[in-house]
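See below for the structure under consideration.
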Amino acid sequence: MIGSQGGECVLELLGEKEGTVLELCASYATIQSQERSAGFDEVIGQYPGIHKETWNLENDMKDPAYDRVYVKKDELEKVDVIFANNDAVALGAYEALTDLGMEKEIPVVGCDGYTGENEGVDLVLQNKLAATISCPTGGKEAIQYALNILEEDSGVPKQVILRSHTIQKKNAREYLERIRKDYEDNGEEITVGYSQVGTESQWRLANTRSIKEAAEEFHIQLFMEDANQSQEKQIEAIRSFIKKKVDVIVVSPVVETGWTEVLKEARAAGIPVVMSDRKIEADSDLVNTYIGADFVEEGKRAMRWIRENVETGDGTKKILELQGNKGASPTEERRKGFLEILEKYPRYQMAYSAYGDFTYEGGKKIVEDYLKGQEWDIDIIYSHNDDMALGAIEVLEEHGIRPGVDVTIVSVDATRDAFEAMTEGKLNCAVECNPLLGPQLMKAVRDMVAGKEMPLRIITEEKVYDQTTAEKEIGKRKY
Ligand code: AHR
C-alpha cells in the first residue's frame, strides 16, 4: 500500500509518465523495505517509459544516503525523481542534492510521514521533500484491540489494515489537524441502512442476529432489508436508504461486481458505505471500510487440513466441491485459496465442482445430480459452507454412503450444526468464519460518524476445528 502510493506520487511528479526514477532502498533485507519496493514496482512497472534504478543502502539512516548520493553526481544527471523508502534516507538524499546544487531539479519522495520536528510531514512543510507517504503506527488501535481481547469480546479482528496517505505541501496542514484532533462520539442515535444478503444459511441468520443486537447496544437505529440473494433487491434497498438519508449504509454484497453506479449515488448523497462480511470490486473511494473474513485463507486452511489428515498412499483422492453462489467473494476466494494449495499436491484431484448457493437444498442437489450420472467415486467433499455440507450428508445417507467415513467432508463456517455433525462423525473438519461481526461493525460505524478515520480493512479471525476438538468446543458455540 505505502509503496504503491509512492509509485502513484512519482507518476504525478513525472507528468508525462516517462523518465528515470532513482529508488533508494534502506535496509533491503527488511520485509518493510521489500514490501514498499514491491508496491512501488507494481505501479511504476506499468509504464514502459519509466526507467527505475535502485541503490540498496546498508541501513535506513540519513548519512549513508547523503554520502551515496553526493559521490554519484554524474549518475544523477539523468535522474528525474528520487523515491526513498523512508524519510531519513529521503532527507539525506535531499541534503546531498542541495550541496550539489541539484535540489530544484530532482524532487524527493519519502515514506513514514511521522509528525515530529524534521520528520516527514515537517520536511514537506519545509519544502525539502516533495511528498511523504504516511505509515500509520496503529498504536491506539492496538491498545483498543488488546483491551477487547482481555475483555474476551467476540469477533476481535485478526488483522486491521490502516490507511496510509500521500502528504504534500497542499494537504500537510490539514493532515496534521486531522490526526491531532480527538474525535468525541456524542452518543446520539445514528441511523444505519443495512442491505443483508438473505437468509440462505445458519451463518447468515447468526450474522443478522449479531448485527441487530449490536445496533441496540451501540444506540443505532437499524433499517435492515433482506435481499433473498438478489443483487437487484440490494440495489433497491441502498436507494431507499439514500432517500431516507441514513447516516451510514452497510452492505453485505451478494456478488462482487455491479455496484459502482449505486455507490456513486450514495457518495453523491454524502452517505458513507461500509462493506460487511463480503467484498466487492469497486474504486476504493466508494467504500469506507470492509469488515470480514479472509476467505482465501479459509480455502487454504481447508485444503491444508485435507493434506494433513487424508492419506493418499500411492493413489489419488477425488474431490467434489460444493461452491457458494457464483460471483460472491466467499465463493471465488474460498475456491481460489483451496486450489492454490491443491495444485501443489497432484495426488488430490478436483473431480467435480458446482454452485450450491450456500443453501442446504443446494448441497443436496449437487450430490443428487452427481449420483444420477455415475457410481459414487468421490473420496473428499469440500463445501464452501456448512448448510451445503449438511444437505450433501443427507443425500449420502439416503444412498447408503457413510458421510465422514466413506467420504471425508470438510466445510467452512463452523456453525453449531457443523459441530453436532462432527461429534456424530458425519463431518470431518469445519473451518471457522465468524458471523458475529455486529460489535466490530457498529463500533466502526460510531467511530466513522464521530469523524475518526476508518481502517481500510478489518479482518476477522478463523480457527480450524475437527473431530478431535469438536466435543470440547461445541458447548462454547454461540451460533
Ligand atoms: O459470506 C459468508 C458466507 O455467506 C457464509 O460462509 C455462508 O454460510 C453465507 O451464506
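Keep in mind that the numbers below use all heavy atoms, side chains included, and drop hydrogens, waters and symmetry copies. All ligand and atom numbering here is 1-based and tracks the order in the structure.
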Determine whether the aromatic ring centres of residues F241 and F223 are separated by less than 6.0 angstrom. no
Between W203 and Y479, does the ring centroid distance fall short of 6.0 Å? no
Excluding sequence neighbours, so at least two apart, what forms side chain to side chain donor-acceptor pair (under 3.5 Å) with R457? none
Protein heavy-atom partner closest to [atom] - residue, atom, separation in Å:
| atom | value |
| --- | --- |
| atom 7 (C) of ligand 1 | D413 OD2, 3.6 Å |
| atom 3 (C) of ligand 1 | R278 NH2, 3.8 Å |
| atom 2 (C) of ligand 1 | D277 OD1, 3.2 Å |

Do the side chains of K279 and E332 get close enough for a salt bridge, i.e. N-O under 4.0 angstrom? no
Does the pair E265/K243 count as a salt bridge with the N-to-O cut at 4.0 Å? no
Only heavy atoms of [X], strictly under 4.0 Å: list the atoms of ligand 1 that pass.
| X | result |
| --- | --- |
| E200 | 4 (O), 9 (C), 10 (O) |
| S201 | 7 (C), 8 (O), 9 (C), 10 (O) |
| F358 | 7 (C), 10 (O) |
| P330 | 1 (O) |

When only distance counts, is W203 in polar contact with ligand 1, meaning an N/O pair under 3.5 Å? no
When you compare ligand 1 with R334, is there at least one nitrogen or oxygen pair between them that comes in under 3.5 angstrom? yes
Geometric class of the Y370/W376 ring pair [parallel <30°, tilted 30-60°, perpendicular >60°]: perpendicular
For the residue pair H384 and E321, confirm or rule out a side-chain donor-acceptor distance under 3.5 Å. yes
Return yes when V412 approaches ligand 1 closer than 4.0 angstrom through a heavy atom, no otherwise. no
